[in-house]
Asker: 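Structure provided below as structure tokens; questions to follow.
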Amino acid sequence: MFDHASAQDEMQKNSPTLPYDLIVVGAGVAGLNALFASTEYLSSDARVLLIDEKANAGGMWNTAYDYVRLHQPHPMFTVGNLKWDWNRPRDYLARRDEVRDHLSASLEPVAKAVNLETKFSRRVVSCKEIHDTEGFVAEVSCHPVDRPSDIATFRARRVIHAPGLNYRVAEPLALSSNNVVSVIPQDLRQTLQDHPGTDVYVVGGGKTAMDTVLAVLEQDPARTVTMINGRGTNFLNRTRFLPTGLKRWTSGALVSSLFRDIALSFDGTNGEATVGFFRENFSTEPDAANGVFLYGLQSEEELARISSGLTRRLPGYLADIRDTDAGPEMQLRSGATETVRRGSIFVNCTGSFFRAEMQQEHLPCISPHGTLVSINARDGFHFLTSVSGFFLVHLLFRDMLRGRGFYTMDHEKLFRQNRNAWVGASAAQAYLNQVIAVQSLPMMLLDRCGLDLDRWYPLPRRMAGLYRMKARAAEDIAHCTHALDVVAQRYDVHAAPLD
Ligand SMILES: Cc1cc2nc3c(=O)[nH]c(=O)nc-3n(C[C@H](O)[C@H](O)[C@H](O)COP(=O)(O)OP(=O)(O)OC[C@H]3O[C@@H](n4cnc5c(N)ncnc54)[C@H](O)[C@@H]3O)c2cc1C
């Protein structure tokens with residue numbers, strides 16, 4: 001495994017024909033799962049190239065805020081079936097750098113299995129299917145991040161394009177006041193040190209906001225912390241649904257069965273009711289009025305720490321902070337106002353996905369001649385890119401992607417239109433594609449998907465679950481496809497079988 005210097009790029013600039021067997025664009029958990037899965041189909045002398053614009057593998061776990069933690073147990077966030085190289089308790093929630101290092105470590109077994117080259121700090125500017133003397137192939141053009149005019153082009157029999165969901169480090173909120181401090185989570189710890197004792201406002205109610213409240217309280221339990229939490233976010237109750245010890249045998253429920261319940265509660269029109277159903281049955285706060293669900297997990301213990309440490313939760317959305325004679329004044333979108341103390345810290349936890357003004361470019365999940373597979377949100381196979389990376393590659397190499405009823409969907413367009421319809425539709429799609437994958441792929445292979453949260457439970461419970469899934473497959477497939485067809489019509493978004 002090595003990163004060729006620009007001399008080789010130079011050579012390749014004018015002579016793009018370089019028969020890689022596979023190129024993977026993106027070294028996040030999705031690209032790495034795709035890369036790892038592909039080694040099962042490639043010979044040991046296969047030439048494989050991994051390209052990423054970052055300096056290291058690990059994707060967004062290189063640039064996320066330093067106090068982010070996995071919200072699922074660490075064994076279920078991995079590459080293929082790679083085990084974590086440590087003996088921490090199974091329910092330990094890994095930290096940012098631990099996740100990044102685990103993901104990077106997956107390159108070692110890949111480099112033993114195939115002839116792997118890596119090109120980091122290279123930005124891919126085009127990825128397309130072309131016809132050359134060898135037939136249809138895929139072509140990738142990239143340049144060193146700091147030399148945009150230095151374009152090199154590579155061809156491969158197959159390309160997996162896994163650039164992530166356009167995760168960008170947020171900007172501080174643009175606030176009119178000169179008397180408050182506006183920061184992003186990446187700058188939180190230093191800001192707390194520089195401004196001891198000042199009030200903290202966490203703007204947002206999702207996972208980043210939860211992590212931020214916990215980080216502030218950990219650093220300074222005496223702070224006054226307010227969460228401005230929009231419609232309120234529901235979290236899957238990790239204590240109940242990923243229980244520890246003997247309870248793994250006696251309580252909880254397979255996560256695939258929760259997905260089934262959510263999927264079956266959705267008929268294509270009732271996103272609000274589906275989120276309500278989730279809140280009442282699976283969330284940490286069944287009696288709250290929280291109106292959003294973004295697939296975050298939370299333990300009852302985390303909720304208790306937040307509830308006891310938070311000074312208050314303010315429903316609604318922040319519009320601005322303006323300076324007035326009485327001091328800085330907070331304005332909410334509802335029109336409500338209140339003064340805040342000078343020097344208060346506002347942390348932007350409003351989310352990192354689909355925030356750009358323009359939607360991402362539409363790229364088909366699979367190119368017409370099957371040489372280019374793209375893991376993206378406009379023609380997405382699963383709302384979790386990691387799961388897409390694993391399954392798309394196995395299905396691609398087995399020539400099973402098309403004609404089996406797998407659905408792809410425009411997650412981004414639907415999410416931007418109606419988040420709760422997206423919850424229902426993404427659950428229906430995830431369950432539908434899982435059922436079809438279970439019907440199509442050998443059991444041994446399914447068992448190598450370390451991302452499967454059902455693996456939390458002992459084998460006998462999982463086997464019983466698989467049996468139930470297969471027994472109910474026909475009617476569940478019919479329900480999910482109908483719901484997705486309704487979504488496609490009602491919201492004018494792409495949601496259709498891969499044919
Ligand atoms: C704050 C935060 C916390 C999260 N926590 C969790 C969690 O606990 N559990 C969970 O399951 N999910 C979590 N997620 C979701 C998370 O996005 C996924 O888990 C996953 O890490 C995304 O992987 P990815 O490979 O799709 O994207 P990324 O990790 O973003 O990787 C994509 C890679 O592609 C590269 N790339 C993109 N464009 C180009 C280009 N043009 N040229 C070259 N390289 C390019 C990028 O540099 C990047 O390395 C979280 C997300 C955020 C933002």
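We count ligands from 1, going down the list as the structure has it; atoms in each ligand are counted the same way.
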Asker: Where's the contact between Ala162 and ligand 1, heavy-atom distance under 4.0 Å: side chain, backbone, both or neither?
Answerer: backbone
Asker: Is Arg122 touching ligand 1 with its side chain, its backbone, both, or neither, if touching means heavy atoms under 4.0 Å apart?
Answerer: backbone
Asker: Determine whether the side chains of Arg189 and Tyr65 contain a donor N or O and an acceptor N or O closer than 3.5 Å.
Answerer: no
Asker: Taking atom CG of Asp85 as the centre, report whether more than 12 heavy atoms of other residues, nucleotides or ligands fall under 6.0 Å from it.
Answerer: no
Asker: Please identify which atoms of ligand 1 are closer than 4.0 Å to at least one heavy atom of Gly59.
Answerer: 29 (O), 31 (O), 48 (C), 49 (O)
Asker: Run the ring-centre check on Trp61 versus Phe77 and record whether the distance is less than 6.0 Å.
Answerer: yes
Asker: What atoms of ligand 1 come closer than 4.0 angstrom to any heavy atom of Gln72?
Answerer: 7 (C), 8 (O), 9 (N), 10 (C), 11 (O)
Asker: Could you tell me whether Tyr295 and Phe383 have their ring centroids closer than 6.0 angstrom?
Answerer: yes
Asker: Which atoms form the tightest heavy-atom contact between Ser374 and Leu363, and what is the distance?
Answerer: OG-CD1, 3.7 Å
Asker: Of the side chain and backbone of Pro163, name the one, both, or neither that has a heavy atom under 4.0 Å from an atom of ligand 1.
Answerer: both
Asker: Within a distance under 4.0 Å of any heavy atom of Thr385, pick out the atoms of ligand 1 and give their elements.
Answerer: 22 (C), 23 (O), 24 (P), 26 (O)
Asker: Has Arg47 got its NZ or CZ under 6.0 Å from the middle of the six-membered ring of Tyr20, at an angle within 45 degrees of the ring axis?
Answerer: yes
Asker: Not counting sequence neighbours, which residues clear salt bridge (charged side-chain N to carboxylate O under 4.0 Å, His left out) with Arg378? List them please.
Answerer: Asp410
Asker: Evaluating non-hydrogen atoms only, which member of Phe77, Phe120, Tyr65 is closest to atom 19 (O) of ligand 1?
Answerer: Phe77
Asker: Please confirm whether Thr208 comes within less than 3.5 Å of ligand 1 when only nitrogen or oxygen atoms on both sides are compared.
Answerer: no
Asker: Any N/O of Leu165 closer than 3.5 Å to an N/O of ligand 1?
Answerer: no
Asker: Is Val29 close to ligand 1, meaning an N/O of one under 3.5 Å from an N/O of the other?
Answerer: yes
Asker: Which residues pass the side chain to side chain contact (heavy atoms under 4.5 Å, CB included) test with Cys142, not counting sequence neighbours?
Answerer: Ile51, Arg122, Val124, Phe154
Asker: Would you mind listing which atoms of ligand 1 come within a distance below 4.0 Å of any non-hydrogen atom of Lys207?
Answerer: 3 (C), 4 (C), 5 (N), 8 (O)
Asker: May I ask which of Leu70, Asn376, Val124, Ile375 has a heavy atom nearer to atom 42 (N) of ligand 1 than the others do?
Answerer: Val124
Asker: Looking only at distance, does Met60 have an N or O less than 3.5 Å from an N or O of ligand 1?
Answerer: yes
Asker: Between Phe397 and Arg158, is there a cation-pi geometry (under 6.0 Å to ring centre, at most 45° from the normal)?
Answerer: yes
Asker: N/O of Arg123 under 3.5 Å from N/O of ligand 1, yes or no?
Answerer: no
Asker: Regarding atom 49 (O) of ligand 1: of the candidates Val125, Asp52, Leu294, which has the closest heavy atom?
Answerer: Asp52
Asker: Closest heavy-atom contact between Leu42 and Val114?
Answerer: CB-CG1, 3.9 Å
